[in-house]
There are 2 protein chains.
Amino acid sequence: MTPSAPQPEGARPVPAPRPRPGGRTARIRRQVLDAVLAELGEHGYDGLTMDAVAARAGVHRATVYRRWGDVGGLLADVLDAASDDAWQPPDTGSLEGDLAALNREIQDALTAQPPIVAALIAASFRSEKADHAQRRLWEDRYARCEVIVDRAIRRAELPPHTDARPLLIAATAPVYHQLVLLRTPPDPGLPGRAARTAALAASADAFTTPSSAGDT
Amino acid sequence: MTPSAPQPEGARPVPAPRPRPGGRTARIRRQVLDAVLAELGEHGYDGLTMDAVAARAGVHRATVYRRWGDVGGLLADVLDAASDDAWQPPDTGSLEGDLAALNREIQDALTAQPPIVAALIAASFRSEKADHAQRRLWEDRYARCEVIVDRAIRRAELPPHTDARPLLIAATAPVYHQLVLLRTPPDPGLPGRAARTAALAASADAFTTPSSAGDT
DNA sequence: CCACTATTGCGACGGTTGGTGCATTAAGAT
DNA sequence: ATCTTAATGCACCAACCGTCGCAATAGTGG
C-alpha cells in the first residue's frame, strides 16, 4: 500500500488518525523520501535502486520494500508530496505574459540541476503507481493554471467561452516536447515564442468551445 | 546502419578486423531485433531483458552481449533501423490538412497495440545510446516533414520566411504531450485542432524569422 | 576443395538487485 | 511496569547482469 501523503518538514504531528504514527515511522518516511530525492539527483532514475535508497536513508531494505513496494511506490510518494505545495501560476497582467512566465518556470524546472523534475517524468514510465501519481500531478498543475485563462477572459483579452485546457496545452506543450522528448538544448526564446503563438491563436477563437458549458 | 559491432576494447586488439557481413551475421541481427520488438510489445521496456531477447531470438546470451553490449545498444539498433524506412509526410494539398494528417499518424502510432512506439520513447530514457538514437530519429522525422512547410510557402499559404521547425513543433507537440506525457486517453479531435491552431498562428506570421534567413 | 579465422555456442563464475519468511524491537495502551 | 502488536532488522533465495575461456561453426579467400 502506498503510505499516504507524508507531511512536509516539521509539520505538527496531527492527532494520530493513523493506527500508529509514532515518531519512528514518520522519521523513517522522511529519511527515505529525502534519500529518494538525493539518489534521483545523483544517479538519475536509472540508478535509483531500493538498496541505495535504503542505505542512504539508514534503514533496512526490507522496510522500504514493505512500505513502498517497489521503486514506483517511492516515486509515487514523492510525486504526491509535490502536489502538496502552494504553487500558483504567475500573474503578470496579460495572457501572453502569464503564459511566457509559466513556460519559463517549466523550462527552468526541466533544466534544473540536478534534473529531478526530468528524472521524475522519465521515471513515471517505469511504474504504474508512479504513472498514476504523475497524472495526478499534471491534473493538479493544469487545473491551477486555468486561472490564467479566467483572468484573461475577465480582462476581455479572450472570448468568453475559451477552453482553458487546450489553450494551456498548446502553450506549454512545445516546451515539454523540446526538452523532454526531443532533448534539444534549452532555447531561451522558446517560452516566449510558444506563449505568443498560443495567445495569438486564442485571440483568434481557436480554443472556443462550439457548444457551451461543455467540459472535456 | 549496422550497430557497427563495437568490438570489446582491449580484449583483442585486432589491427585489421576484416568486416564479415555474411549471411549468418545479418540473419542473427534480424532475429535479435525482431525479438526485441516482440519482447517490447509483450512485456514493455521494463521487461526487456537480455536473457529474454536472446532466448526468443534463439541465440546465446553471450552473442547478444558481444554485439550489442546492453539493452541500450539493442534499443539504439532498433531505432536506427526505424530510420531506414521510406516514410514521407502526408500530402493533402493544404497546410492544415497535412498537419492534421500528420498528427493523426502520430496519434495512431502512439496508441497502436502493442504500444511499441510509446515503449521505444519511454525506453530512450534508460540509456545513453538509445537516447542518441532516439534524437537521430526525431531529427530525421522532423527534417522530412519540412517539405510540408515548403509546399505551403510555395502555395502562398504561408509567408516566405516561415521557420519550418517551430511550426512543426507547435503543430505536433500537443499530440505528443497529451499521449506521452499527460497520458490522457486519445482524443479524436486533437490532431485536427492542433493542426488548425498551428496553421492559424503560422498564417498570422507567428513563425517568421524576425531577421533575415533564419538559422536553427 | 581446403585452409583460415571471424563469429557463435556453451557452460560457468561473481556480483547486484528484487523480493520474502522469520525473529526482534519499540510504539501505544492498560 | 507490562502487555500487545505494528514496525523493523536479518537472513535467505531467485532472477538478471556482465564476463570469461574454450570448443564448434560457418563465412571468406586461396
Side-chain angles (χ1 to χ4, degrees), chain A residues 1-4 6 13-32 35-36 39 43-75 123 126-130, chain B residues 2-33 35-36 39 43-75 123 126-129:
Chain A
M1 279 310 182
T2 55
S4 53
V14 283
R18 295 170 179 74
R20 183 175 288 192
R24 187 170 62 166
T25 299
R27 182 176 61 251
I28 285 186
R29 182 172 354 192
R30 193 169 57 243
Q31 289 173 0
V32 169
V36 170
E39 287 290 320
H43 310 321
Y45 63 94
D46 229 7
L48 186 71
T49 65
M50 301 292 268
D51 289 17
V53 170
R56 183 186 282 261
V59 290
H60 201 270
R61 295 194 302 273
T63 299
V64 184
Y65 278 112
R66 260 188 290 269
R67 290 184 59 176
W68 287 274
D70 54 5
V71 183
L74 285 172
L75 272 306
R126 296 190 62 173
S127 156
E128 201 73 24
K129 283 179 261 186
Chain B
T2 61
S4 64
Q7 302 273 2
E9 291 82 0
R12 283 200 177 182
V14 186
R18 279 206 307 256
R20 183 178 281 190
R24 186 171 60 166
T25 298
R27 183 174 58 250
I28 285 186
R29 179 187 182 227
R30 196 166 50 245
Q31 289 174 2
V32 169
L33 291 190
V36 170
E39 287 289 322
H43 311 337
Y45 62 94
D46 230 6
L48 187 70
T49 66
M50 299 291 270
D51 289 14
V53 169
R56 182 186 282 261
V59 282
H60 201 268
R61 292 196 306 276
T63 299
V64 184
Y65 278 112
R66 268 190 289 256
R67 288 186 57 176
W68 287 275
D70 55 4
V71 183
L74 284 173
L75 273 305
R126 294 188 61 177
S127 153
E128 202 72 25
K129 284 180 260 185

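In what follows, chains are A, B, ... by sequence order, proteins preceding strands, each numbered from 1.
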Take the protein atom [atom1] of [X] and the nucleotide atom [atom2] of [N], then report the distance between them rounded to whole Å.
| X | N | atom1 | atom2 | result |
| --- | --- | --- | --- | --- |
| Gln31(A) | dA7(D) | CD | P | 16 Å |
| Ile28(A) | dA7(D) | CD1 | P | 11 Å |
| Trp68(B) | dC17(D) | CH2 | P | 15 Å |
| Arg67(B) | dA6(C) | CZ | P | 15 Å |

Report each atom pair, protein N/O against N/O of nucleotides 16-20 of chain C, whose distance is under 3.5 angstrom.
{"unit_1": "dG18(C)", "atom_1": "OP2", "unit_2": "Met50(A)", "atom_2": "N", "d": "3.2"}
{"unit_1": "dG18(C)", "atom_1": "OP2", "unit_2": "Tyr65(A)", "atom_2": "OH", "d": "3.2"}
{"unit_1": "dG18(C)", "atom_1": "O5'", "unit_2": "Tyr65(A)", "atom_2": "OH", "d": "3.4"}

Counting C-beta onward and ignoring hydrogens, is there a side-chain heavy-atom pair between [X] and [Y] closer than 4.5 Å?
| X | Y | value |
| --- | --- | --- |
| Arg126(B) | Val71(B) | no |
| Val32(A) | Thr63(A) | no |
| His43(A) | Thr49(A) | no |

| Closest approach of Glu39(B) to Ala52(B) (non-hydrogen atoms, all atoms of both residues) |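 Taking every non-hydrogen atom into account, OE1-CB, 3.5 Å.
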
| field | Nearest heavy-atom neighbours spanning Gln31(B) and Ala57(B) | value |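 Looking at all heavy atoms of both residues, the closest pair is OE1-O, 3.2 Å.
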
| task | Look only at the side chain of Arg67(B) and the backbone of Thr25(B), and say whether a donor-acceptor pair between them is shorter than 3.5 Å. | result |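 Yes, Arg67(B) side chain to Thr25(B) backbone: donor-acceptor pair under 3.5 Å.
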
| Does Thr63(B) place a side-chain N or O at less than 4.0 Å from the phosphate oxygens OP1/OP2 of dG9(C)? |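 It does, given that an N or O in the side chain of Thr63(B) lies less than 4.0 Å from OP1 or OP2 of dG9(C).
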
